[in-house]
Number of protein chains: 2
Amino acid sequence: MARWEPNTRERLIRAAVELFAEQGYEATTVNEIAERAGGLTKTTFFRHFTDKREVLFAGQEIHSRIMAEAIAEAPESATTLEMVGLALDGLASSFTEDRREIGRRLRAVIANSAELQERSAFKRAALSESMAQALRTRGVSELVADLAAELGVRAFYGAFDRWTSAADPRTLDAYTREVFGELKTALSVLG
Amino acid sequence: MARWEPNTRERLIRAAVELFAEQGYEATTVNEIAERAGGLTKTTFFRHFTDKREVLFAGQEIHSRIMAEAIAEAPESATTLEMVGLALDGLASSFTEDRREIGRRLRAVIANSAELQERSAFKRAALSESMAQALRTRGVSELVADLAAELGVRAFYGAFDRWTSAADPRTLDAYTREVFGELKTALSVLG
DNA sequence: TACGGTGACGTTACCAAGTCACATCACTTC
DNA sequence: GAAGTGATGTGACTTGGTAACGTCACCGTA
């Protein structure tokens, strides 16, 4: 017999999402989350997450890494926008179908809390920044890299929105290409 | 004799900026701020600001309004990017020289606190959104409006950065035009 | 088999952010 | 001059977050 149930971290996340969906983010206590995750305590929660907010965004640094690696491995001949496209492909293909429903619920919870929207905006900015950094490493000039990264992140979030709103079986991958395409035409309209 | 000193709000802001600069954001207490602002208390602080963070960002909704109005009043013939340029002109000209040093200090304080960077990212997103909304009202399509607004906000923040870093007497206005111009050429490089 | 880590958790106590109900009192208004 | 109004104070409370310290199954090793 193990002394504790395994997968504490995952249980905490599940419990948090459940409670946030039931009662809203602000109305649920860290103690409640820990309790529902199997009789745990506040302290244990904060050993796994720095924040009450972070329980919904944990492990998102991996997105930065995926995008950055895709860009680093892009062929020499690739244009800036092509590199962004490859980054989107890499990121989107890491989202399996089962994460769709989770994403849906997550979005609803975040939409009801200013505090969570703040964290979300911050994570988004971080993603954009690390993508821009990867592009700069590939020789793209600062401002162009910033703009291209912004475009990529925008495409990803837009696609994620559509993916979690829709019911059809298209993969996230398809949506990122769709939105990225629309953004590129919007870009040409603008310029 | 008045019962209380006037301009409580301004005194709170001054005290907060001073203390944050001296000791850092996290190390200073709301009680300290209120105390330095003239023997006030925590409760009074929270009557003026919803947050400890908000004391540094209060009154920023006015930026949204300035930009929105400039866009609403732009001539019928103006292109999307020209409307953004007018919004930038309007916003930049509302910053007098004395706000430069304040901005400098503010930037330093924010750069040292993740919590403040989060709030900053959120405010930036809000500014972008209200600018995009104003553009949509003028008939610009959704994605184009979003991109153009992002470009505008990026120009403003970039210009503000340079303005508060530099020592020369150029006005913020000059910097926004400079950065906006650079962004437009970056845009054409990208497309 | 005995034994000394180690890792994951609990307990307790604490600080600071934020909220709320209620009190105070100069100033205004009728 | 009495009754309101508005900006503040007081005190008590909840909750996020930190820190010091204790507990105990498990693991490796002699």
Side-chain angles (χ1 to χ4, degrees), chain A residues 1-20 22-59 109-110 112-120 122, chain B residues 1-20 22-59 109-110 112-120 122:
Chain A
M1 266 298 274
R3 183 168 185 196
W4 297 288
E5 300 297 318
N7 306 322
T8 307
R9 193 185 177 84
E10 283 67 26
R11 275 156 44 217
L12 283 167
I13 295 176
R14 287 178 69 86
V17 174
E18 280 178 24
L19 286 166
F20 292 166
E22 289 171 15
Q23 325 171 342
Y25 170 79
E26 287 147 27
T28 99
T29 286
V30 171
N31 268 325
E32 285 182 276
I33 300 172
E35 178 58 35
R36 176 168 308 195
L40 303 176
T41 65
K42 202 172 64 160
T43 311
T44 300
F45 179 94
F46 285 113
R47 279 206 189 88
H48 287 273
F49 309 100
T50 63
D51 250 10
K52 182 182 169 189
R53 282 143 257 149
E54 197 64 15
V55 70
L56 294 185
F57 299 94
V109 170
I110 294 175
N112 280 318
S113 158
E115 215 171 322
L116 291 176
Q117 285 167 42
E118 241 178 74
R119 176 60 51 90
S120 181
F122 191 58
Chain B
M1 264 300 272
R3 183 168 185 198
W4 297 287
E5 300 297 318
N7 306 322
T8 308
R9 193 185 177 84
E10 282 66 28
R11 273 156 46 216
L12 283 167
I13 295 176
R14 287 179 70 86
V17 173
E18 281 177 24
L19 285 166
F20 292 166
E22 289 171 15
Q23 325 171 341
Y25 171 79
E26 287 146 29
T28 99
T29 287
V30 171
N31 267 325
E32 285 181 277
I33 300 171
E35 178 59 35
R36 177 170 307 196
L40 302 176
T41 64
K42 203 173 61 160
T43 310
T44 299
F45 179 93
F46 285 113
R47 280 206 188 88
H48 287 273
F49 309 99
T50 63
D51 252 7
K52 183 182 169 189
R53 282 144 258 148
E54 197 63 15
V55 71
L56 294 185
F57 299 94
V109 170
I110 293 175
N112 279 319
S113 158
E115 214 171 323
L116 292 176
Q117 285 167 40
E118 242 180 72
R119 175 61 51 92
S120 182
F122 190 59

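Proteins come first, then strands; the chains are lettered A, B, ... in the order of their sequence lines, and each starts at number 1. This structure is a prediction, so every number in the text was calculated from the model and none was measured. Atom set for the values below is all heavy atoms of this structure, side chains included, hydrogens, waters and symmetry mates excluded.
Each of B:Glu115 and B:Trp4 was matched to the nucleotide of DNA chain C holding its nearest heavy atom; the match closer to the 5' end belongs to B:Glu115.
Straight-line distance from the CD atom of A:Glu26 to the C1' atom of C:dT19: 13 Å, rounded to whole Å. The distance between atom CD of B:Gln23 and atom C1' of C:dA16, rounded to the nearest whole Å, is 14 Å. Going from atom CD of B:Glu5 over to atom P of C:dA26 covers 15 Å, rounded to whole Å. Rounded to whole Å, atom P of C:dA17 lies 14 Å from atom CZ of A:Arg53.
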Which atom pairs, donor and acceptor, lie under 3.5 Å between side-chain atoms of residues 36-44 of chain A and protein residues at least two apart or in another chain?
residue	atom	partner	partner atom	Å
A:Arg36	NH1	A:Glu18	OE1	3.0
A:Arg36	NH1	A:Glu22	OE2	3.1
A:Arg36	NH2	A:Glu22	OE1	3.3

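For DNA chain C, the neighbouring residues in residues 28-38 of chain B, judged by any heavy atom under 4.0 Å, are B:Thr28, B:Thr29, B:Val30. Residues from residues 40-51 of chain B placing a heavy atom under 4.0 Å of any atom in DNA chain C, listed by number, are B:Lys42, B:Thr43, B:Phe46, B:Asp51. Remark: B:Thr8 in residues 7-18 of chain B come within less than 4.0 Å of DNA chain D through at least one heavy atom.
Contacts of B:Gln117 classified as side chain to side chain contact (heavy atoms under 4.5 Å, CB included), with partners at least two apart in sequence or in another chain: A:Phe122, B:Ile110. Take B:Phe49 and apply the side chain to side chain contact (heavy atoms under 4.5 Å, CB included) test, not counting sequence neighbours, and it matches B:Arg9, B:Leu12, B:Ile13, B:Phe45, B:Glu54, B:Val55, B:Ala58. With sequence neighbours left out, the ring-ring contact (aromatic ring centres under 6.0 Å, His included) criterion links B:Phe57 to no other residue. For B:Arg53, the salt bridge (Lys or Arg N to Asp or Glu O under 4.0 Å) partners two or more places apart in sequence, or in a different chain, are B:Asp51, B:Glu115. A:Glu10 meets the side chain to side chain contact (heavy atoms under 4.5 Å, CB included) test with A:Asn7; sequence neighbours excluded.
Where DNA chain D pairs in unbroken runs of 3 or more (Watson-Crick or G-U, both distances under 3.5 Å), the stems are C:1-30 with D:1-30.
Between B:Ala27 and B:Glu32, the shortest heavy-atom contact is O-OE1, 3.7 Å.
Going from atom CG of A:Leu116 over to atom CD of A:Glu118 covers 9.5 Å, rounded to the nearest 0.5 Å.
Counting only distance, with no hydrogens or angles, the side chain of A:Arg11 and the backbone of A:Ala34 share no donor-acceptor pair below 3.5 Å.
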Handout entry: Check against side-chain contact (heavy atoms from CB on, under 4.5 Å), B:Asn112 and B:Tyr25
Key = CA-CA 8 Å; B:Asn112 279 319; B:Tyr25 171 79; over 6 Å; no
